[in-house]
2 protein chains.
Amino acid sequence: MISFEHFTPEEGIPIYLQIVRHIKRGVAAGTVVHGDEVPSRRVLSALLGVNPNTIQKAYVLLEEEGLMASHAGAKSYMTLTDGRAAAVREELLRNDARAVIDSLRQMGLSKNEALSLIEAYWE
Amino acid sequence: MISFEHFTPEEGIPIYLQIVRHIKRGVAAGTVVHGDEVPSRRVLSALLGVNPNTIQKAYVLLEEEGLMASHAGAKSYMTLTDGRAAAVREELLRNDARAVIDSLRQMGLSKNEALSLIEAYWE
DNA sequence: GCAACTGTATCTGTTGTATAATACAGTTGA
DNA sequence: TCAACTGTATTATACAACAGATACAGTTGC
């Protein structure tokens, strides 16, 4: 069963997108693997204190990407080939890198300054 | 006069917030300094192809943060003490660092792996 | 069979974003 | 002075995103 223990909602970003992101990061980390059971819409909605439709919206996105499968009446499970999981990881890493690099560059930082910044805030 | 030459709108983020971000990054980079003239609402709206109200919404936010000042009938200018500019820079850097670090950590990367990633994508 | 779960579909309402059309008032400079 | 710019304010409209309420339908296990 996929864990939402360390899920910390952040305002300014739609909840359903944060749910998608949380699961994708789990896939990238390898803590979410093929065949893992996904919490039901009602269970997760109660856990997070949101509407079941909000969960459904997130799950539909994951299904459209082929990362999970649902069937009326039955539980839902992750559907992850090795290649698909690796692709998710690459996508997230690339997006993160691109976003932060663009931003830091626009602020005039050099590569070394950027690396020092990340190192300083890593803790 | 503040330049919008390298302003590249990105979908998914409200235009007025992108304008605020663009100017703040200029402040952080030192390319926008105290006393710099800000394009008028009408001029910038024509340049970007958006409604004047959208520009106004961005400028109101900047005014509320004390980064610029407007007076009816006159042009608008940046109002930046050295400390204020430094604070804007620190805030943007900290937010960028925090966002990317949180994400990479959730994907299971170590500090060195994160640094290598940034270096690899910097180009 | 049936209770208790599962996913699915539809409708409603609020909010944010952006546009449009004006109107009014203050300043600046020739 | 006065034309041409500035900022400011109001009202209306449209649309999409987001989330909530509710009802319906399929499965699973006893």
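Proteins get letters first, then strands, A, B, ... in listed order; numbering begins at 1 in each.
For B/Asn53, taking side-chain heavy atoms from C-beta onward, the closest of the listed nucleotides C/dA9, C/dA21, D/dG7 is C/dA21. Closest to the side chain of B/Ile15, from the set C/dT8, C/dA18, D/dT8, is C/dA18. Among C/dT6, C/dG7, D/dT8, the nucleotide with an atom closest to any side-chain atom of A/Val43 is C/dT6. Candidate nucleotides D/dG7, C/dG7, D/dA19 were compared by shortest atom distance to the side chain of A/Pro14, and D/dA19 ranks first. Residue A/Tyr16 places its side chain closer to D/dA19 than to any other of D/dA19, D/dT6, C/dT8. Comparing C/dA18, C/dC24, C/dT19 by their nearest atom to the side chain of B/Asn51 picks out C/dT19. When each of D/dT28, D/dG7, D/dT8 is scored by its nearest atom to the side-chain atoms of B/Glu63, the top-ranked nucleotide is D/dT8. Side-chain proximity of A/Lys57 to C/dT17, D/dC18, C/dG7: nearest is D/dC18.
Within 4.0 Å of A/Tyr59, counting heavy atoms only, lies no atom of the nucleic acid at all.
The distance from atom CD of B/Glu10 to atom P of C/dT17 is 15 Å, rounded to the nearest whole Å. Regarding A/Ile13, its CD1 atom lies at a distance of 15 Å from the C1' atom of D/dA17, rounded to whole Å. With rounding to whole Å, B/Leu44 atom CG is found 15 Å from D/dT8 atom P. Atom CD1 of B/Ile55 and atom C1' of D/dT6 are 15 Å apart (whole Å). One atom, CZ of B/Arg42, and another, P of D/dG7, lie 7 Å apart when rounded to the nearest Å. The CD-C1' distance, from A/Glu37 to D/dT27, rounds to 14 Å in whole Å.
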Quiz item: Do A/Ser76 and A/Arg41 pass the side-chain hydrogen bond (donor to acceptor under 3.5 Å, both in side chains) test, and can you show the C-alpha distance, the side-chain angles, and the key distance before you say yes or no?
Solution: CA-CA 10 Å; A/Ser76 301; A/Arg41 279 74 168 162; 3.0 Å; yes
Practice problem: Would you check, one step at a time, whether the test side-chain contact (heavy atoms from CB on, under 4.5 Å) holds for A/Met107 with B/Asp96? | Solution: CA-CA 11 Å; A/Met107 283 190 267; B/Asp96 278 351; 3.2 Å; yes
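The two residues B/Glu113 and B/Leu109 make their nearest non-hydrogen contact at OE1-CA, 3.3 Å.
The pair B/Glu10-B/Arg21 meets the salt-bridge criterion, with a side-chain N (NZ, NE, NH1 or NH2) lying under 4.0 Å from an Asp/Glu carboxylate O.
The shortest distance between the side-chain N/O atoms of A/Thr54 and the OP1/OP2 oxygens of D/dC18 is not below 4.0 Å. Distances shown here put every side-chain N or O of B/Arg41 at or beyond 4.0 Å from the OP1 or OP2 atom of D/dT6. Note on A/Ser76: a side-chain N or O is less than 4.0 Å away from OP1 or OP2 of C/dG7. In terms of phosphate contacts, B/Ser40 brings a side-chain nitrogen or oxygen within less than 4.0 Å of OP1 or OP2 of D/dT6. Distances shown here put every side-chain N or O of A/Gln56 at or beyond 4.0 Å from the OP1 or OP2 atom of C/dG7.
Applying side-chain contact (heavy atoms from CB on, under 4.5 Å) to A/Leu67 and the options A/Val27, A/Val38, A/Val88 leaves one that passes, A/Val88.
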